[in-house]
Amino acid sequence: MKKNWPSWTGYATAAWSLLYGVLGAYWSLGGAGYPFARVSDDRATASILEGTPVHVVAPVMATIGLLGAVLAVVMTRMRPRGSVLQTIAAVLAVGLALVVPDYTLIAVVALSPVIVVFAFTGVPGAQGGVGDILYWHRVNLIILFIGGVLWAATAIAYHRRSRDVCVSCGRGASEVAWQSPTAALRWGKWAVGVAVVANLPYEFTRVAWYLGWPVGISDGFHQMMADTPGMLEMGLGLAVMGLAGGVLTHGLVHRWGEIYPRWIWFKAGKRVPPLLAIIPASIVAVVLIPAGLMNTQLPLDGDNWAINAPGILWVLWGAALGTATYAYYLRRRTTCARCGRGVTSRSDALVGRSSGSHEGSRRAGNPARALRRSRTRSARSARAGIRRGAAHPTYE
């Protein structure tokens, strides 16, 4: 699946689009369950489509979904031509994954341990089941987000095919300078710095509120939060999670992000699997952006500016964290299973560079295979020399 992701994600995108297109047609014909219908405030979302009329939005959803299914298959099977199709796919990816959703995604990621505990124990608080937390309007935003991620993968694969590079890893016949491990470490450090600083206003205000200092809010609003059980504690918990995330973000550019440090005694000295950092960091980076965009739509009251203003910086936080994660990926990636480019380990780097004339060849990309092939040629040459010497002896 890792090697062939450009193919199966294209078909998965087509299936997702077809399903959502059928649902759009169903809602257009008066079917129940339109996910953006007006509901009570405790079930409403902050999506930009919340409260939109079904007779306007549902037909658009049906059209985009059904045509998108065809487009995804075409982009997966046909030879790339121009930039129109990949632009359409990129717009769909950004719209579905970043623009339409709200804070639901980051809330689900941050509160997932609580949701799991509640699902099995009913603690904390009296609720009507998990459905009171993950109701249809919220679940729909998660489904749209998944569709956006699939469209992003389809657009990336199509773009790589149009550039005649490996669709799986993006490597070409020659290494791009800014993608080298040294360069990636340099600009990755800047990205980590921005990611850590961007969330400091949010963390500072929430900790201050918990300690009784109403920074950026009125005394009355602070008193209301203090009188609401668990509200200040929830803000403190999110701030602590943000601080912990900032510490972990440093691992993307430090040695302990590649080799377990001594204080993790049961893993000390062992290699950190790259995906252990890449997957969670990528998820957090992507879900932060729609939450930040949502905050840009909320009012910034003069006396209570700190309620929403720090959250706007989540757009910057998510973008910087995504950039830092990509730099970490560039430094940790090894040989591509599809094209053979790259190195199997850091010690193979010199061997890999020595075969530069064969770069781009799948067989030449593996240093071990190149070494075996060299030995085979030497043995053949030696045997051929013996045979030639026997057939054509020389005399002095």
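These numbers were taken from a predicted model, which means no experiment stands behind them.
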* Asked: When rounded to the nearest 0.5 angstrom, what distance separates CG in Leu236 from CE in Met241?
  -> 12.0 Å

* If we ignore angles and hydrogens, is there a donor and acceptor under 3.5 Å between the side chains of Asn295 and Trp314? -> no

* Asked: Any chain of hydrophobic side-chain contacts (each under 4.5 Å) joining Leu298 to Val99?
  -> yes

* Show the numbers, then the answer: is there a side chain to side chain contact (heavy atoms under 4.5 Å, CB included) between Leu66 and Leu18? => CA-CA 5 Å; Leu66 297 176; Leu18 178 62; 3.9 Å; yes

* Structure fact -> One should read off an interatomic distance between His137 NE2 and Leu49 CG, to the nearest 0.5 angstrom, of 11.5 Å

* Please say whether more than 12 non-hydrogen atoms of neighbouring residues, nucleotides or ligands are located less than 6.0 Å from CH2 in Trp190. => no

* Do side-chain atoms of His222 reach the backbone of Trp209 as a donor and acceptor pair under 3.5 angstrom? -> yes

* Would you say Leu238 and Val207 are hydrophobically clustered, going by side-chain heavy atoms of ILVMFWY under 4.5 Å? -> no

* To do: Evaluate the criterion side chain to side chain contact (heavy atoms under 4.5 Å, CB included) for residue pair Thr52 and Tyr34; output intermediate values, then yes/no.
  => CA-CA 10 Å; Thr52 53; Tyr34 174 61; 3.0 Å; yes

* **Donor-acceptor contact below 3.5 Å, side chain Glu203 vs main chain Leu243** => yes

* Would you say the side chains of Gln223 and Asp219 form a donor-acceptor pair under 3.5 Å? -> no

* Asked: Between Ala324 and Leu252, which heavy-atom pair has the shortest distance, and what is it?
  -> CB-CD1, 3.9 Å

* Asked: Would a 4.5 Å heavy-atom cut-off, applied to side chains only, mark Pro214 and Phe221 as touching?
  -> no

* Specify whether Trp256 and His254 have parallel, tilted or perpendicular ring planes, treating 30° as the upper limit for parallel and 60° as the lower limit for perpendicular. => parallel

* Asked: Where is the tightest heavy-atom contact between Ile217 and Ala306, given as atom of each residue plus distance?
  -> CG2-CB, 4.5 Å

* May I ask you to check whether Tyr202 and Trp317 place their ring centres under 6.0 Å from each other? => no

* Atom CD of Gln86 and atom CZ of Arg161: how far apart are they, to the nearest 0.5 Å? -> 11.0 Å

* Roughly how far, to the nearest 0.5 Å, is CG of Leu98 from CE of Met294? -> 14.0 Å

* Calculate, to the nearest 0.5 Å, the distance between atoms OG1 and CD1 belonging to Thr325 and Ile283 respectively. => 11.0 Å

* Asked: Would you say Glu175 and Pro181 make side-chain contact, with heavy atoms under 4.5 Å?
  -> yes

* Asked: Does the pair Ile264 and Lys270 meet the rule for a side chain to side chain contact (heavy atoms under 4.5 Å, CB included), with working shown?
  -> CA-CA 10 Å; Ile264 305 180; Lys270 295 182 179 180; over 6 Å; no

* Asked: Are Phe204 and Ile307 in one and the same hydrophobic cluster, where Ile, Leu, Val, Met, Phe, Trp and Tyr link if side-chain heavy atoms are under 4.5 Å apart?
  -> yes

* To do: Evaluate the criterion side chain to side chain contact (heavy atoms under 4.5 Å, CB included) for residue pair Trp136 and Ile143; output intermediate values, then yes/no.
  => CA-CA 10 Å; Trp136 171 232; Ile143 294 173; 4.0 Å; yes

* To do: Determine whether Ser47 and Phe36 make a side-chain contact, defined as any pair of heavy atoms from C-beta on separated by less than 4.5 Å.
  => yes

* **Validation row: Leu141, Arg138 side chains within 4.5 angstrom (heavy atoms)** => no

* **Lys189 and Val253, any side-chain heavy atoms less than 4.5 Å apart** => yes

* At their closest point, which heavy atom of Ala25 faces which heavy atom of Ala62, and how far apart are they? -> N-CB, 3.4 Å

* Would you indicate whether the side-chain heavy atoms of Cys166 and Arg341 approach each other to under 4.5 Å? => yes

* So do the side chains of Tyr210 and Met225 get within less than 4.5 Å of each other, counting heavy atoms only? -> no

* Are any of the side-chain heavy atoms of Leu293 and Tyr103 separated by less than 4.5 Å? -> no

* To do: Decide if the gap between the ring center of Trp16 and the ring center of Tyr20 is smaller than 6.0 angstrom.
  => yes

* To do: Determine the interplanar angle of the Trp178 and Trp187 rings, folded into 0 to 90°, and report it as parallel if under 30°, tilted if 30 to 60°, perpendicular if over 60°.
  => tilted

* Exceeds 12 heavy-atom contacts within 6.0 angstrom, atom CE of Met224 -> yes

* Asked: With distance as the sole test, does Arg332 use its side chain to make a donor-acceptor pair with the main-chain N or O of Val272 at under 3.5 Å?
  -> yes

* Can you check whether Gly235's main-chain N or O pairs, donor with acceptor, with Arg206's side chain at less than 3.5 Å? -> no

* Asked: If Ile, Leu, Val, Met, Phe, Trp and Tyr residues are connected whenever their side-chain heavy atoms lie under 4.5 Å apart, and connections chain through other members, are Val286 and Ile278 in the same group?
  -> yes

* Please report the closest heavy-atom contact between Trp5 and Ser168, naming both atoms and the distance. => NE1-O, 3.1 Å

* Kindly give the heavy-atom pair with the smallest separation between Gly340 and Thr335, and that separation in Å. => O-CG2, 3.6 Å

* Within the side chain of Ser17, is there an N or O that forms a donor-acceptor pair under 3.5 Å with the backbone of Ala14? -> no

* If you measure from CG on Leu275 to CD1 on Ile279, what distance do you get to the nearest 0.5 Å? -> 4.5 Å

* If you group Ile, Leu, Val, Met, Phe, Trp and Tyr by side-chain heavy-atom gaps below 4.5 Å, do Tyr328 and Val176 land in one group? -> yes

* **Verdict with supporting geometry, Tyr11 and Arg77, side chain to side chain donor-acceptor pair (under 3.5 Å)** => CA-CA 10 Å; Tyr11 293 121; Arg77 296 185 62 88; 3.1 Å; yes

* **Donor-acceptor under 3.5 Å (Thr13 side chain, Leu150 main chain)** => yes

* Asked: Checking Asn308 side chain against Pro299 main chain: does a donor-acceptor pair fall under 3.5 Å?
  -> yes

* Is it the case that more than 12 heavy atoms not belonging to Arg271 sit under 6.0 Å from its CZ atom? -> yes

* **Where Leu300 and Ala309 come nearest, the two heavy atoms and their spacing** => CD2-N, 3.6 Å

